[in-house]
Structures are given as C-alpha cells and as structure tokens.
Amino acid sequence: MSYFDEKRNQEILARLRKNYPDAKIKLKFKTPFELLVATILSAQCTDDRVNIVTEKLFKKYKKPEDYLKVKNEELEKDIYSTGFYKQKAKSIKACCQVLVEKYGGKVPSNIEELTKIPGVGRKTASVVVGNAYGIPAIAVDTHVKRLSNIFHFVKEKNPDKIEEQLKKIIPEDEWIVTSHRIATHGRLVCLAKNPKCEICFLNDICPSAFKVKKEKIK
DNA sequence: CTCCCGATAT
DNA sequence: ATATCAGGAG
C-alpha cells in the first residue's frame, strides 16, 4: 500500500462533508476590511478570542484611516488579549497605511496583492479572498497542515506546497468549505497532541489512526 | 530558526 | 504550575 490513496482521500472528504456539511469561518465580520483585520489578529490565537476583541474594535475603528489616527499604544490596548499585540498593532497600522495609499482604502481581492501587504501572509490572504469575496481558495492553517499529513493527503510541511497538493485532491467549488471542515475536525476531534481516535468517524480508514499511543496511563 | 505573547484547560 | 492553542516577519 502506497502512502497516497486517492480512493481513501475521497472517502475521507466524503465523511467530512457528511459530518460537517456547512462548516464555515468562525471569525465574525461584515466587510472584507473587517475580515482582514480579524484574520491578522487570529494569528496564534483562537477565533473565539478574536471575536471577543473585534466586537468592540469594529465599533471604534470603521475604516483604515481610523487605525492610522491612534497611537500604537492605544491600538495595542484595544487588541491586547489576542497576544503578540505589539506585532499585530504594527501590522494592522502598516496594512492600513498601504490600503489607503495604494488601494484607496479598499481591500484587494486577490492573493498576490494581499500578500504584499505588511502582516498579511498567504494564510491570511486566502482567508480573506475565500470568505470575504467568495473566490475559491484554501487557507493552510495549523489544522489543515496537520490533518493533511495525518490523512496522507500530502507528505509535506511547507504550507504553500500543501495548498498546491490539496487543490488537486479537492474540487474547486469545495476549497473553502473543505478548509473549514478540516479545521473543525482538527479543533474538535483530531487534536494536535492527543487526537481522539476512539471517537473519530474516520478511525477505520485514517492511515494514522491510533498511532499516537498514550504512554502515561496513570 | 527565532522572536513575538495572552487565554484557557487541566 | 504547566501544557496547549495558534502565523508572520526578519
């Protein structure tokens, strides 16, 4: 049996589809710009935490210009609990600066332009393009990266290459929703350090099922 | 490969 | 107390 198995891949995708039919982004937003800010904040932070912060944040800051008006220290306070707040405050301000100067305050709708923006990597760009503009994209976050390897969809650590591979396995019209299905499964069942294979609906076909054994049974 | 950093679950 | 969570830049 080889590492890759297209039949198995499709069966895994089918079961994910069945169990998480309408998986969607957890980040709350009303405009592409809000989603861009929320996604920058979501780096190394749970979506739930970001939502708590953005609920107030988006009332205070409506346009890119609004972020540019305040001092870094003030913005840092407003986003504090998402962690990495100094970095993120800098990123958001640099991002808004570019948005105003180069894009007339509008958020670009393609990954190439988005990734030129400070603080915006490929994952963030994919999230915005896919979820704010509805353009097919796959955001390779930590869950998609981990589970893609666990499922043997890929044998690869580089997120860009994982994205490339996944696009061959998943039909284009399901790129966005599948990203969310995989992420959902990673959050609920296939946890990073202690995957719950016992309760997993994929445990009969997952090539990595029960491979992480519990060494400490007290 | 290192730095940036808080919140929550156990 | 400590483990776990979760991207981008230099």
Side-chain angles (χ1 to χ4, degrees), chain A residues 23-29 33-57 67 72-99 107-108 110-132 137-150 154 156-164 166 176 179-199 212-218:
Chain A
K24 56 186 188 323
I25 188 164
K26 293 190 73 191
L27 257 19
K28 294 209 194 330
F29 67 98
F33 177 59
E34 284 191 355
L35 181 57
L36 178 56
V37 173
T39 310
I40 290 174
L41 292 176
S42 78
Q44 301 290 99
C45 178
T46 61
D47 290 356
D48 291 334
R49 169 55 46 186
V50 173
N51 288 337
I52 292 171
V53 169
T54 55
E55 190 181 342
K56 290 144 280 178
L57 193 75
Y67 289 93
N72 281 31
E73 292 70 30
E74 185 174 346
L75 182 53
E76 286 169 12
K77 273 191 173 180
D78 292 334
I79 63 171
Y80 183 82
S81 70
T82 64
F84 297 132
Y85 54 88
K86 288 191 176 178
Q87 289 287 113
K88 290 175 182 175
K90 264 186 223 163
S91 291
I92 290 171
K93 294 197 81 173
C95 169
C96 289
Q97 187 73 43
V98 173
L99 249 31
V107 178
N110 66 81
I111 292 175
E112 287 62 43
E113 291 299 319
L114 280 164
T115 48
K116 287 181 193 164
I117 298 172
V120 180
R122 191 161 180 93
K123 183 260 175 180
T124 298
S126 298
V127 168
V128 171
V129 165
N131 299 280
I138 295 179
V140 181
D141 64 3
T142 185
H143 298 296
V144 174
K145 176 180 174 182
R146 189 177 73 256
L147 271 64
S148 294
N149 280 282
I150 284 175
V154 303
E156 181 63 65
K157 296 301 172 194
N158 180 304
D160 290 8
K161 291 186 180 161
I162 292 173
E163 181 185 332
E164 199 183 317
L166 288 179
I176 299 167
S179 303
H180 295 135
R181 286 180 186 137
I182 295 175
T184 300
H185 194 63
R187 243 181 258 119
L188 301 179
V189 181
C190 197
L191 312 185
K193 278 286 148 60
N194 194 12
K196 300 178 178 176
C197 298
E198 323 81 51
I199 63 150
V212 181
K213 51 173 190 264
K214 314 192 173 174
E215 9 233 84
K216 281 193 258 183
I217 302 168
K218 289 188 183 174

Closest to side chain of Y80(A), choosing from dC5(C), dT8(B), dG6(B) =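 When the side chain of Y80(A) is considered, dG6(B) is the closest of dC5(C), dT8(B), dG6(B).
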task = Go through dG7(C), dA7(B), dC5(C) for me and flag the one nearest to the S81(A) side chain.
result =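 Selected nucleotide: dA7(B).
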Work out how far the [atom1] atom of [N] is from that of [M], and round it to whole angstrom.
N: dA3(C); M: dC5(B); atom1: P; result: 22 Å
N: dT10(B); M: dA6(C); atom1: P; result: 14 Å
N: dT4(C); M: dC4(B); atom1: P; result: 23 Å

ask   = Closest nucleotide of DNA chain C for G186(A) versus for S91(A): which of these residues is on the 5' side?
value =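 Nearer the 5' end of the strand: G186(A).
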key: First encountered from the 5' end of DNA chain C, between Q44(A) and G119(A)   =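 That would be Q44(A).
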Nearest-angstrom distance from the residue atom [atom1] of [X] to [atom2] of [N]:
X: E76(A); N: dG6(B); atom1: CD; atom2: P; result: 11 Å
X: K123(A); N: dA9(C); atom1: NZ; atom2: P; result: 12 Å
X: L188(A); N: dA9(B); atom1: CG; atom2: P; result: 14 Å
X: D48(A); N: dA6(C); atom1: CG; atom2: P; result: 11 Å
X: K193(A); N: dT8(B); atom1: NZ; atom2: P; result: 21 Å
X: F84(A); N: dC3(B); atom1: CZ; atom2: C1'; result: 8 Å
X: L191(A); N: dA6(C); atom1: CG; atom2: C1'; result: 14 Å
X: K77(A); N: dC5(B); atom1: NZ; atom2: P; result: 16 Å

task = Would you check if there is a donor-acceptor pair between the side chains of N51(A) and K26(A) at a distance under 3.5 Å?
result =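 There is no such pair between these side chains.
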query = Where each residue is assigned the nucleotide of DNA chain B containing its nearest heavy atom, which of Q87(A) and I52(A) is assigned the position nearer the 5′ end?
reply =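 Here Q87(A) is the residue nearer the 5' end.
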Gap separating the CG atom of N131(A) from the NZ atom of K24(A), nearest 0.5 angstrom =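 That separation rounds to 11.0 Å.
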inquiry  = Would you compute the distance between atom CD1 of I117(A) and atom CD1 of I40(A) and round it to the nearest 0.5 angstrom?
reply    =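 If I round to the nearest 0.5 Å, the distance is 8.0 Å.
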Mutual orientation of the aromatic rings belonging to Y67(A) and F33(A) [parallel < 30°, tilted 30-60°, perpendicular > 60°] =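 The rings of Y67(A) and F33(A) stand perpendicular, inter-plane angle above 60°.
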ask   = More than 12 non-hydrogen atoms from neighbouring residues, nucleotides or ligands closer than 6.0 Å to CD on E55(A), yes or no?
value =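 No, CD of E55(A) has 12 or fewer neighbouring heavy atoms, counting only those of other groups under 6.0 Å.
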Name the nucleic acid region contacted by [X], choosing base, sugar-phosphate or nothing; use a 4.0 angstrom heavy-atom cut-off, strictly under.
X: P118(A); answer: sugar-phosphate
X: D47(A); answer: nothing
X: T124(A); answer: sugar-phosphate

inquiry  = With a 4.0 Å limit, can you tell me whether R49(A) has a side-chain N or O closer than that to the phosphate oxygens OP1/OP2 of dT8(B)?
reply    =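 Indeed, a polar side-chain atom of R49(A) lies that close.
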